[in-house]
Each structure stands twice: as structure tokens, then as C-alpha cells.
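One structure is given below, encoded as C-alpha cells.
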Amino acid sequence: MTRHLITSALPYINGIKHLGNMVGSMLPADVYARYLRQRGHEALYICATDEHGTPAELAAKDAGLPVAEFCAQQHDAQKAIYDGFGLRFDYFGRSSSEQNREITQHFARKLHENGFIEERAIRQVFSVADDRFLPDRYIVGTCPYCGYDKARGDQCENCTRVLDPTDLIEPRSAISGSSELEVRETKHLFLLQSKLDGEVEAWIDECSGDWPHLASSIARKWLTEGLHDRSITRDLDWGVPVPADTWPELAAEGKVFYVWFDAPIEYIGATKEWADLEPETRDWKSWWYEASDVQYTQFMAKDNVPFHTVMFPASQIGTREPWKRVDHVKAFNWLNYYGGKFSTSQQRGVFTDAALELLPADYWRYFLLAHAPESDDTSFTWELFASSVNKDLADTLGNFVNRVLSFSRKRFGDAVPEGKAAGAPEQALGEEIARLLAEYEGQLEARQFRKATQALRALWSAGNSYLEEKAPWLEIKADPEAAALTLRTAMNLIHLYAVVSEPFIPSSARAMREAFELAGDDATWVSADEARALSAVPAGTAFTVPPVLFAKITDDDLEAWRERFGAQ
């Protein structure tokens with residue numbers, strides 16, 4: 001049986017992530033992994049903090065901490081938030097791990113042995129004020145393509161163009177702000193991507209047929225422009241060191257590998273971190289080396305696509321070793337904030353720690369995926385958030401659960417009533433639920449998250465339509481047994497919703513399932529036949545009425561949140 005390897009883009013260590021980071025990688029990966037596990041697949045979801053490179057050093061400097069201490073603190077802080085969001089990683093590692101160091105250096109040695117890394121003397125920006133060479137991210141300036149005045153020396157976060165520091169207009173040091181910059185000669189290692197161009201293109205031709213257009217178009221744009229040899233070392237104090245046994249001179253100078261060389265390798269490194277915790281039962285290599293039975297899916301925002309679809313595969317290919325390469329790249333556009341970009345550096349938008357202060361995770365999980373930026377950029381507004389929560393979660397799902405259980409308890413007590421045998425309305429409902437469930441499954445299999453939430457919402461709505469049609473509050477007056485049937489059927493819908501909603505709203509799904517004192521309730525999914533029968537919760541099962549699943553967002557809430565976070 002196929003095993004599923006799932007990774008999401010590594011969140012940078014330099015601060016708490018915003019909602020755009022969450023919906024563009026980790027959250028959909030978690031939903032997909034949860035779904036696969038529920039369907040009985042063996043799935044391994046791996047992620048980690050990306051701890052090397054300029055952002056880590058600059059953030060540590062601002063915090064007044066040694067970079068290693070800063071990274072350790074931030075890793076724990078980020079992991080606590082992801083736990084709060086219900087992200088169920090199989091392992092959440094650190095790119096500063098010894099495992100990643102070993103595997104990154106192994107990759108570099110193999111690439112060198114095969115003629116795909118060479119040492120070159122280059123002219124690099126030197127800051128007189130800082131008395132040091134500046135890595136590309138230590139240089140900021142104006143992007144020559146879009147005019148963004150805070151572009152970094154490696155990439156413009158506004159237009160996503162890959163840059164060299166010398167491309168920037170009016171460059172300055174990110175450390176001191178000084179524009180007293182000179183260009184001096186130094187030596188670095190280069191990955192000879194130009195020699196791997198044809199092999200990378202052939203691989204993309206072979207495997208990208210079912211990638212989203214966004215992912216394949218970005219990859220092919222790089223190929224069309226031609227793959228250029230790329231420097232893969234930097235002058236930093238923090239990173240994976242160049243191995244002295246292969247490059248003694250550069251090692252003596254303290255060179256470290258470029259973060260975009262070692263960060264994707266951390267997917268492998270983190271898997272080894274996971275395996276090393278239980279070496280007797282876990283085999284990391286079976287997931288990455290000669291892993292022909294593994295289906296590998298990566299989740300990321302569009303700015304990460306070039307590195308994951310070109311640079312990392314080029315490195316894997318160049319080792320001439322059978323490393324597992326990605327089968328499906330699920331790329332996302334931007335989630336904007338009132339039409340402008342979320343920004344970690346500018347602290348613009350809603351950040352994940354603040355989100356959890358306002359409302360439980362399920363509110364955010366559902367909303368973000370219902371409006372996931374899959375085909376185009378989408379925009380977060382408080383008004384849209386409130387409308388979605390109130391209509392879909394509070395009214396459609398939460399109100400259904402509450403009124404069914406409360407009404408049944410009031411009229412029939414604390415056990416599921418028996419009532420009449422199912423009739424034509426129940427048979428029609430079962431067929432409709434089976435059809436909608438198949439649609440929901442199909443969208444999740446295809447990793448179409450907005451469409452999956454639409455199908456899930458339709459499942460919830462079907463229960464409300466059935467309840468309105470049968471109207472047990474009227475049936476109870478003339479035919480209590482008919483009302484009991486309606487309520488028993490509705491309670492079976494609640495149990496079904498609890499099972500199949502778990503990938504999106506795990507905490508609420510658990511509350512719905514725990515409402516029933518159902519012995520041996522170990523269902524992980526609902527088959528089509530089970531959906532048609534709607535009989536998982538038999539008469540006589542004791543139940544409780546859970547607290548309100550979803551509270552409505554009020555106008556006062558909106559006013560307070562707009563004032564706190566800004567809404568322009």
C-alpha cells in the first residue's frame with residue numbers, strides 16, 4: 001500500500017507567523033494528513049523551524065540574545081502556537097539539528113564528487129561600517145523590477161523575483177543601515193545548476209502533470225529563463241558549516257551553507273530526527289531513499305516554489321543517489337489583509353498568537369481553508385470572517401447540533417429515542433449524504449481545500465434541510481414516534497459530522513462525538529453504505545448536550561478587532 005510523505009514549507013525562526021503563513025503551508029498539510037490517516041493510509045507529516053540565514057541572526061541581534069538561544073526559544077514558542085492550532089505533525093524539527101548538518105554536508109560532498117559544485121572567486125558587497133562581507137539578505141534596497149523599497153538582496157518579497165545584491169537600487173546594510181558599501185573579492189561555493197538544467201526539466205515534464213498551474217508555471221518560468229549557477233555559501237556566524245575535509249580553506253574562513261541549500265534538506269534531516277527518537281521501530285531512510293512506495297506531497301506558498309521545484313530537486317539529482325523527489329507540489333497564492341500583503345517584517349495583519357487569543361483554533365482553521373488562496377490571491381477582512389463564522393459554523397453546524405440534542409433531551413430524556421422505522425425521507429437523506437460525502441472525499445483526494453469546505457458545508461446544510469422538512473417540533477404534537485425517528489436520524493447525522501469534519505475542525509468534532517456515550521466508538525471514517533443507513537448511534541444511547549460549539553461574532557467584536565488590528 002502506498003505510504004504518504006507530507007511536508008510543509010519550514011516557517012522561519014524570526015518571529016511568530018501570520019495567518020497567511022498558516023494557510024499557505026502548514027494548515028492544509030495538516031488537514032490532508034489527518035484525512036489520509038482517517039482513511040487508513042500510513043502518512044508521515046514532517047515540518048521544522050528554518051533556523052539559519054540572515055533573518056535568524058538579525059532577529060537574535062534585535063532580541064539581544066545569542067543566535068542559538070534565540071532559535072531555541074522561538075522554536076518552542078512557534079511549536080506551542082502550532083499545537084494550539086491543532087497541527088498534528090508527526091515530527092516538528094529544527095534545521096540547526098545535528099542530523100541536518102550531517103545530511104547537508106553529505107549532499108555537498110556528493111555534489112562535489114560528481115562535478116556539480118565548484119569554488120569560485122567572486123566580488124561581494126563589503127560593508128565598511130560593519131567591517132564584514134554582507135550576505136545577500138543583509139543588503140536591502142529598491143527592487144529594479146517593481147520598485148519595492150524594502151527588497152532583500154536575494155529576493156523581492158513583493159514581486160517574488162530572485163535578485164542578486166548588486167541588482168538593488170540604493171543598497172544599504174541591513175545591520176547598520178549604512179550605504180558605505182564596497183565590492184571586494186572573496187571565495188564561495190557554487191551549485192552548477194546549469195549542468196543539471198536538462199535533467200531538472202525532464203523530471204518536471206514527467207511529474208508535474210497534476211500540479212496546480214501556479215506551481216508548474218513558476219517552475220517552468222525558471223527553466224525557460226535557464227538555470228544559473230548559484231552561490232550556496234555565505235559569510236555568517238550561524239549555519240551548517242562547510243566541511244573542512246572537502247574545503248579546508250573555506251571552512252577556516254567560517255563559511256556556512258546558504259539557507260536555501262540546507263533548509264529543504266531539513267525535510268530529510270527532520271525525518272531522521274524523528275527516527276532517532278525510536279531507532280528500533282522507525283526507519284527514516286525508507287521514506288527518502290529508494291522509496292518507490294512513497295507518494296510525496298509538499299505544501300507551500302508561491303514564493304517558495306522555485307526553491308522546492310528547481311533548486312532542491314537539482315541538488316537531489318546531482319548527488320546521483322536515489323533520494324525521493326516530490327510527486328505533488330500544492331502551491332498557494334497570497335492571503336492578503338484588506339487588499340494589502342500580510343507581512344512579518346512590517347507586522348501587518350493578524351498573527352497566529354493573537355488569533356488564538358481571540359477565538360479557538362477551529363474558527364480560524366475553517367475560515368482560512370474556506371477562503372484558501374488556491375487559484376488566486378484572496379483577502380482577509382474582519383467582516384468576511386464574521387460572516388463566514390456566523391453563517392457556516394454557528395448557524396449551519398452549531399445550531400443544528402444544539403437544537404437537535406436540546407429538543408430531544410427536553411422531550412425524550414437523556415437517551416437517543418427509538419421512534420418509527422426509517423421511511424422515504426430518511427432514505428432520500430441517506431442517498432444525499434452518501435453523494436455529498438463522495439464529493440467531499442474527492443475534493444480532499446485532489447487537495448482542493450476550498451471545494452472540500454464547500455462540500456463539507458453542504459453536508460451540514462443537508463441536515464438542516466431534513467430537519468426543516470420533518471419539523472419534529474410539529475411532529476411531536478401529533479405523532480411522537482415520528483418525531484423520535486427524526487431526532488434519532490439527526491443525531492446520527494451529528495455523529496457522521498463529527499467523524500468527517502475532524503480534518504478541518506478537530507476540537508469541535510471531538511466535542512460532537514463525545515456528546516454520545518457510545519461504547520466502542522472507534523470509527524475513523526464513514527462508508528457510503530454507513531452514510532445511507534445513518535445508524536451508527538442506536539436508540540438507547542445516552543447523550544449530553546455539549547456547550548455551544550461556535551459563538552456568534554458580534555458587531556462589538558468587529559469594532560474592537562478592527563480598532564486593534566487596523567482595517568484599511
Do [Y] and [X] meet the salt-bridge criterion of a basic N to acidic O distance under 4.0 Å?
X: D154; Y: R152; answer: yes
X: E357; Y: R564; answer: yes
X: K17; Y: D353; answer: no
X: D136; Y: R234; answer: yes
X: D276; Y: R282; answer: no

Does any donor atom in the side chain of [X] or [Y] lie under 3.5 Å from an acceptor atom in the other side chain?
X: N336; Y: S379; answer: no
X: T49; Y: H75; answer: yes
X: D130; Y: S176; answer: yes
X: T186; Y: K255; answer: yes
X: E119; Y: H112; answer: no
X: E51; Y: Y12; answer: no
X: N100; Y: E273; answer: no

In terms of heavy-atom contacts, does [atom1] of [X] have more than 12 from other residues, nucleotides or ligands at under 6.0 Å?
X: K187; atom1: NZ; answer: no
X: E170; atom1: CD; answer: no
X: E225; atom1: CD; answer: yes
X: E559; atom1: CD; answer: no

Test your reading of the model: is there a side-chain donor-acceptor pair from [X] to the backbone of [Y], 3.5 Å cut-off?
X: E57; Y: W238; answer: yes
X: Q105; Y: P241; answer: yes
X: S387; Y: E383; answer: no
X: W211; Y: C207; answer: yes
X: H188; Y: T233; answer: yes
X: N114; Y: T319; answer: yes
X: R94; Y: A48; answer: no
X: T104; Y: R101; answer: no
X: Y258; Y: R230; answer: no

Legend entry - Residue pair D245, R109: steps toward the salt bridge (Lys or Arg N to Asp or Glu O under 4.0 Å) verdict: CA-CA 9 Å; D245 58 5; R109 292 187 186 100; 3.2 Å; yes
Inset, instruction - Fit a plane to each ring of F89 and Y45, take the angle between them on a 0 to 90° scale, and name the class: parallel (under 30°), tilted (30 to 60°) or perpendicular (over 60°). - result: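 Answer is tilted, since the angle falls between 30° and 60°.
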Inset, instruction - Would you check if W247 and L189 make a side-chain contact, meaning some heavy-atom pair closer than 4.5 Å? - result: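 Yes, side chains in contact.
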Inset, instruction - Compute both the distance and the angle, then confirm whether K330 meets the cation-pi test with F332: under 6.0 Å from the six-membered ring centre, within 45 degrees of the axis. - result: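 Here K330 passes the 6.0 Å and 45° test against F332.
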Just checking [X] against [Y], ring centres under 6.0 Å apart?
X: F312; Y: F307; value: no
X: F133; Y: F126; value: yes
X: H308; Y: Y267; value: yes
X: W288; Y: Y296; value: yes
X: F367; Y: H371; value: yes
X: Y289; Y: W284; value: no
X: F385; Y: W364; value: yes

Inset, instruction - Under the salt bridge (Lys or Arg N to Asp or Glu O under 4.0 Å) rule, what do R320 and E113 come out as? Steps first, then yes or no, please. - result: CA-CA 10 Å; R320 298 305 189 225; E113 289 175 15; over 6 Å; no
Inset, instruction - Show your working on salt bridge (Lys or Arg N to Asp or Glu O under 4.0 Å) between D229 and R120 and close with a plain yes or no. - result: CA-CA 11 Å; D229 300 339; R120 292 180 181 177; 2.7 Å; yes
